[in-house]
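Computed over heavy atoms, backbone and side chain alike; hydrogens, waters and symmetry mates excluded.
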Amino acid sequence: MDKLGADFLRTVQMIKDRLGANPAIMNLPIGKEHEYIGVVDLLTRKSMIWGTDVLGAKYDLSDEIPAGMKDEVEKYRHKLIEQICEQDDALLEKYLGGNEPSLEELKKVLRKTTIAYKLVPIYAGSSLRNKGVQPLLDAIVDYLPSPLEVSGIKGINPKTNQEELRKTDSNEPFSALAFKIQLDPHVGKLTYIRIYSGKLTSGSYAWNASKDKQERVGRLLLMHANNREEIQEAYAGEIVAVVGLKETGTGDTLSQQTRPIILEKITFPDPVISLAIEPKTKADQEKMGQALQRLAEEDPTFIVKSNLETGQTIIWGMGELHLEVLVDRMKREFKVDANVGAPQVAYKETIKGKAEGEGKYIRQTGGRGQYGHCFLRVEPKARGEGYEFVDAIKGAAIPNEFIPSVQKGVKEALDKGILAGYPVVDMKVTLYDGTYHDVDSSDIAFKIAGSIALQSAAKQAGLILLEPIMKVEVTTPDEFMGTVIGDISSKRAQILGTEKRGTVSIIIALVPLAELSGYATTLRSVSQGRATYYMEPSHYEEVPKNITEKIVSSVSHPSTRG
């Protein structure tokens with residue numbers, strides 16, 4: 001509610017229109033933007049006012065409704081009670097008879113309808129100053145389901161590939177999902193798990209079904225914000241932190257070894273932006289490697305790679321701010337000073353048409369020679385479908401033992417890139433013919449032949465560059481709208497539309513990530529610091545020809561790289 005352009009009732013209407021939900025307004029905000037000070041609870045008619053306490057831990061509870069809000073409170077209270085009573089025949093009869101149901105009766109029915117997703121309780125608040133957090137936490141306890149009220153969790157048995165249901169019961173076989181890794185300076189690596197069935201004992205063993213590894217459970221901790229409570233056993237429905245798991249990462253399933261199950265994985269988007277990073281001093285060299293490794297363990301969208309050609313360490317993330325925060329954490333938590341280079345965009349390469357290519361690798365030396373020869377066909381796949389290899393060899397033109405080598409050569413060529421050194425994606429590669437030599441043919445020869453054939457076919461199929469496109473939402477005061485649109489249009493943006501929200505306007509656009517370097521600073525300067533923006537990865541799209549030429553020439557002549 002403290003955000004520029006905050007409009008509570010309009011947001012509730014958007015929840016209704018866009019998400020198809022049935023919102024039940026539980027409290028009304030007192031003020032908005034910088035004047036937001038608290039809420040009025042509709043069921044109890046009590047005001048909660050937060051003072052100057054930065055943490056938002058203290059608030060004043062009052063029976064007094066702020067002046068000018070009484071009619072509005074009564075109107076929305078009447079509407080809320082009606083919404084709740086409509087969900088229960090006995091309550092509706094009582095209400096229509098002129099008797100208002102008690103607070104306990106209303107809460108009981110609201111809990112039942114929230115769990116059935118017939119009503120969605122809506123609360124107003126501000127996360128920055130923690131205003132309105134207490135009523136929200138109370139509502140989580142009052143209206144959201146306990147694990148026992150959920151039917152169970154479905155997963156795949158890795159032995160049979162059949163779907164299985166595990167009920168939220170401590171007597172069922174153990175299953176849990178690791179959903180977060182945290183590195184604690186006092187106890188080391190903490191793996192947060194949600195136990196879906198069975199129980200887990202401190203000092204016992206658990207089977208990582210995702211990686212086929214056995215893990216020892218050192219200690220079990222119940223986490224209360226920044227306090228830890230050690231426990232001996234954890235049961236179905238609980239969220240606990242485990243100390244001692246070495247191989248388990250975010251999204252892995254832990255289960256009983258005799259009754260394994262793999263629960264639905266957490267999927268993460270691919271990183272879209274990179275920075276070159278190097279330690280400032282020799283002393284920071286080793287510390288930086290350890291710090292980056294630990295940060296990557298915690299955050300699955302953060303990837304650390306080494307560029308073998310330049311010897312640089314490259315870090316990948318979801319945006320400039322993401323990488324800035326991680327570099328800052330490295331300085332604060334790990335005391336490592338580092339220099340960072342300019343952000344580089346994660347381009348990809350693909351092909352536009354079908355083509356065939358031949359790969360021949362023949363080397364005659366004094367002794368045994370090398371002989372590998374294959375024919376490949378390449379064709380494009382839809383955006384985002386990835387790479388597929390098809391073995392269409394007939395009549396043993398290439399012996400079976402050499403086909404994985406061709407595939408390996410193809411994969412290496414795709415990863416290295418052909419046009420400008422970026423990975424090649426969304427392509428079907430078919431191995432359809434070839435020849436071999438009884439004596440000279442070898443794995444390495446066919447691997448090199450596969451790589452040569454792939455490059456030859458891809459060049460004929462018309463290689464293009466793809467770039468990540470971001471969906472950007474800019475919130476700006478009306479007076480800067482023209483300037484902001486002009487600026488964003490100059491960045492090859494496709495404006496999808498604009499919305500009016502009170503005194504501010506929202507501009508929604510698709511913008512190539514390559515054009516957004518330093519956009520936060522630019523936006524602040526054109527709007528006197530009053531506009532904000534949010535961006536998320538949308539899709540990959542073909543790079544215009546003139547820009548492709550620039551990128552390719554900068555790769556050919558590294559000194560010209562921006």
Can you establish whether the number of heavy atoms outside Glu64 located under 6.0 Å from its atom CD is more than 12? no
Counting only heavy atoms not in Lys79, do more than 12 fall under 6.0 Å of its NZ? no
With side chains defined as the heavy atoms from C-beta onward, is the minimum distance between Gln293 and Val304 less than 4.5 Å? no
Near Arg129 CZ, under 6.0 Å, is it more than 12 heavy atoms from other residues, nucleotides or ligands? no
Can you confirm whether the side chains of Ser47 and Ser62 place a donor and an acceptor under 3.5 Å from each other? no
Where do Ile485 and Ser489 land on the side chain to side chain contact (heavy atoms under 4.5 Å, CB included) test, with the steps shown first? CA-CA 6 Å; Ile485 284 185; Ser489 298; 3.9 Å; yes
Can you check whether Tyr143 reaches Asp138 side chain to side chain, under 4.5 Å on heavy atoms? no
Please determine if Lys348 forms a cation-pi arrangement with Tyr540, meaning its NZ or CZ atom is less than 6.0 Å from the six-membered ring centre and no more than 45° off the ring axis. yes
Please state whether the rings of Tyr519 and Tyr533 are parallel, tilted or perpendicular, taking 30° and 60° as the class boundaries. perpendicular
If I take atom CD1 from residue Ile81 and atom CG from residue Leu110, how far apart are they, to the nearest 0.5 angstrom? 11.5 Å
Can you establish whether the number of heavy atoms outside Asp17 located under 6.0 Å from its atom CG is more than 12? yes
Under a 3.5 Å distance rule, please check whether Asn27 uses its side chain to pair with a backbone N or O of Tyr123 as donor and acceptor. no
Tell me, with the steps shown, if Arg77 and Glu100 meet salt bridge (Lys or Arg N to Asp or Glu O under 4.0 Å). CA-CA 12 Å; Arg77 186 176 188 275; Glu100 186 177 296; 2.9 Å; yes
NZ of Lys491: more than 12 outside heavy atoms within 6.0 angstrom? yes
Let me know which of Met1, Lys32, Gln13 forms a side chain to side chain contact (heavy atoms under 4.5 Å, CB included) with Phe8. Met1
Near Lys381 NZ, under 6.0 Å, is it more than 12 heavy atoms from other residues, nucleotides or ligands? yes
In a check of side chain to side chain donor-acceptor pair (under 3.5 Å) between Thr248 and each of Lys189, Lys213, Glu215, which one passes? Glu215
Donor-acceptor check, side chain of Asp142 to backbone of Arg111, threshold 3.5 angstrom: yes or no? no
Stacked cation flag Arg194 on Tyr192, 6.0 angstrom / 45 deg: no
Donor-acceptor contact below 3.5 Å, side chain Ser210 vs main chain Thr253: yes
Please round to the nearest 0.5 Å and tell me the distance separating atom CG of Leu28 and atom CG of Leu42. 4.5 Å
Glu105 and Asp88: CA distance, side-chain angles, deciding distance, side chain to side chain contact (heavy atoms under 4.5 Å, CB included) verdict: CA-CA 10 Å; Glu105 288 173 318; Asp88 185 272; over 6 Å; no
Can you tell me if Ser197 uses its side chain to pair, donor with acceptor, with the backbone of Pro173 under 3.5 Å? yes
Beyond-backbone contact of Leu190 with Val243, side-chain heavy atoms, under 4.5 angstrom: yes
Do Leu222 and Val240 make a side-chain contact, defined as non-hydrogen atoms from C-beta onward lying under 4.5 Å apart? yes
Identify whether the distance between the nearest side-chain nitrogen and carboxylate oxygen of Arg294 and Glu333 falls below 4.0 Å. no
For Leu220 and Ser202, work out which heavy atoms get closest and say how close. CD1-N, 3.7 Å
Salt-bridge test for Arg332 and Asp328: reply yes if a basic N is under 4.0 Å from a carboxylate O, no otherwise. yes
Nearest heavy-atom pair of Leu103 and Leu43: which atoms, and what distance? CD1-CB, 3.7 Å
Quick check on side chain to side chain donor-acceptor pair (under 3.5 Å): which of Arg259, Glu164, Glu163 does Asn157 satisfy it with? Glu164
Within a radius of less than 6.0 Å around NE2 of His34, do more than 12 heavy atoms belonging to other residues, nucleotides or ligands occur? no
Could you walk me through whether Ile315 and Val327 pass the side chain to side chain contact (heavy atoms under 4.5 Å, CB included) test, one step at a time? CA-CA 10 Å; Ile315 55 174; Val327 171; 4.0 Å; yes
Check Cys85 against Leu106 and note the closest heavy-atom contact, atom names and distance. SG-CD2, 4.3 Å
Least distance between heavy atoms, Leu165 atom then Glu172 atom: O-OE1, 4.2 Å
Should Ile153 and Ile261 count as side-chain neighbours, where that means a heavy-atom distance under 4.5 Å? no
Got a donor-acceptor contact below 3.5 angstrom from the Thr113 side chain to the Leu119 backbone? no
Hey, are Glu264 and Lys154 close enough for a salt bridge, meaning a charged N less than 4.0 Å from a carboxylate O? no
Kindly indicate whether the side chain of Ile25, heavy atoms from C-beta on, has any atom under 4.5 Å from the side chain of Leu80. no
Using a 6.0 Å cut-off, check whether atom CD of Glu82 has over 12 heavy atoms from anything other than its own residue. yes
Check whether any side-chain N or O of Asp426 sits under 3.5 Å from a backbone N or O of Gly386 as a donor-acceptor pair, and report yes or no. yes
Gap separating the CZ atom of Arg329 from the CD atom of Glu298, nearest 0.5 angstrom: 4.5 Å
In short, Tyr36 meets Gly125 closest at the heavy-atom pair OH-CA, 3.3 Å
Can a salt bridge be assigned to the pair Asp2 and Lys131 using a cut-off of 4.0 Å between side-chain N and carboxylate O? no
Are any side-chain N or O atoms of Trp50 and backbone N or O atoms of Gly56, one a donor and one an acceptor, separated by less than 3.5 Å? yes
With a 3.5 Å distance limit and no angle check, can you tell me whether Glu320 reaches the backbone of Gly518 through a side-chain donor-acceptor pair? yes
Quick one: does Lys471's side chain get under 4.5 Å of Ile508's, heavy atoms only? yes
Whether His78 and Tyr95 hold their rings parallel, tilted or perpendicular, with breakpoints at 30° and 60°: tilted
Identify the two heavy atoms, one from Met470 and one from Met318, that lie closest to each other, and give their separation to 0.1 Å. CE-O, 4.3 Å
Test side chain to side chain contact (heavy atoms under 4.5 Å, CB included) on Met26 and Val39 and set out the steps. CA-CA 10 Å; Met26 301 301 294; Val39 294; over 6 Å; no
Pairwise distance OG(Ser175) to CZ(Arg166) - rounded to 0.5 angstrom: 5.5 Å
Do Arg530 and Glu479 meet the salt-bridge criterion of a basic N to acidic O distance under 4.0 Å? yes
Would Lys211 and Glu247 pass as an ion pair if we require N to O under 4.0 Å? no
Return the CG to CD distance between Leu96 and Glu86, rounded to the nearest 0.5 Å. 9.5 Å
Any donor-acceptor pair under 3.5 Å from Gln232 side chain to Gly203 backbone: no
Pairwise salt bridge (charged side-chain N to carboxylate O under 4.0 Å, His left out) hits with a residue in residues 225-244, at least two apart: Asp184-Arg228, Lys199-Glu233, Arg219-Glu230
So do the side chains of Asp252 and Thr191 get within less than 4.5 Å of each other, counting heavy atoms only? no
